[in-house]
Amino acid sequence: AIAAAKEQQKKVKELEKRYRSQGRRYRNYDANYYNVYRRMLSNYSVLSPEEIEDYNTQINAISRRNSTIRNDIMKIPATQNINANSPRRRWKPPAR
């Protein structure tokens, strides 16, 4: 699952680069990256603490600039949070 998510992340980066080279500067991939990072964190048991920290940081950065993503995060019950039960790291909602 992690390999598939990383492949999806690679494809999103390629799309982003291609569209920017075509002059589509305002095309937004926040939702795509958010889905990739959530998918990766849903498999937190096979991630290193550094990877968990990095993906949480990426999600928090996206949520600070994208209100739709921020609202989605705030709706996730703690028991269903992407890695709320992780012994390594508890997810923290972004500062408003």
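For the numbers below, each heavy atom of this structure counts, side chains included, while hydrogens, waters and symmetry mates do not.
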What is the minimum heavy-atom distance between [X] and [Y], and which atoms define it?
X     : Y     : result
Ile73 : Tyr34 : CG1-OH, 3.5 Å
Leu41 : Ile59 : CD1-CD1, 3.6 Å
Asn43 : Ala1  : ND2-CB, 3.5 Å
Met40 : Ala5  : CG-CB, 3.6 Å
Arg39 : Ser42 : O-OG, 2.6 Å

Check: Tyr37/Asp54 side-chain N/O donor and acceptor closer than 3.5 Å
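No, because no side-chain N or O of Tyr37 sits under 3.5 Å from a partner of the opposite role on Asp54.
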
Can you list the steps and then say if Tyr55 with Tyr44 is a side-chain contact (heavy atoms from CB on, under 4.5 Å)?
CA-CA 10 Å; Tyr55 301 143; Tyr44 68 88; over 6 Å; no

Quick check for you: to the nearest 0.5 Å, what is the distance between Ile62 atom CD1 and Thr68 atom OG1?
12.5 Å

Before you tell me yes or no, could you show the steps for Arg18 and Glu14 under side-chain contact (heavy atoms from CB on, under 4.5 Å), namely the whole-Å CA-CA distance, both residues' side-chain angles and the distance that decides it to 0.1 Å?
CA-CA 6 Å; Arg18 182 174 51 166; Glu14 290 171 2; over 6 Å; no

Beyond-backbone contact of Ser63 with Asn60, side-chain heavy atoms, under 4.5 angstrom:
yes

Testing Gln9, Lys10, Lys17, Lys11 one by one against Lys13 for a side-chain contact (heavy atoms from CB on, under 4.5 Å), which residue passes?
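Exactly one candidate clears the test, Gln9.
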
Less than 4.0 Å between a side-chain N and a carboxylate O, is that true for Asp72 and Arg38?
yes

salt_bridge(Arg20, Glu16) N-O dist < 4.0 Å:
yes

Hydrophobic cluster membership, with links at side-chain heavy-atom distances under 4.5 Å among I/L/V/M/F/W/Y: are Val46 and Val36 in one?
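The answer is yes; both residues are in one hydrophobic cluster.
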
When you measure from the centre of the six-membered ring of Tyr26, is the NZ or CZ of Arg24 closer than 6.0 Å and no more than 45° off the axis?
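No, Arg24 does not lie over the aromatic ring of Tyr26.
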
Answer yes or no: does atom CZ of Arg65 have more than 12 heavy-atom neighbours from other residues, nucleotides or ligands under 6.0 Å?
yes

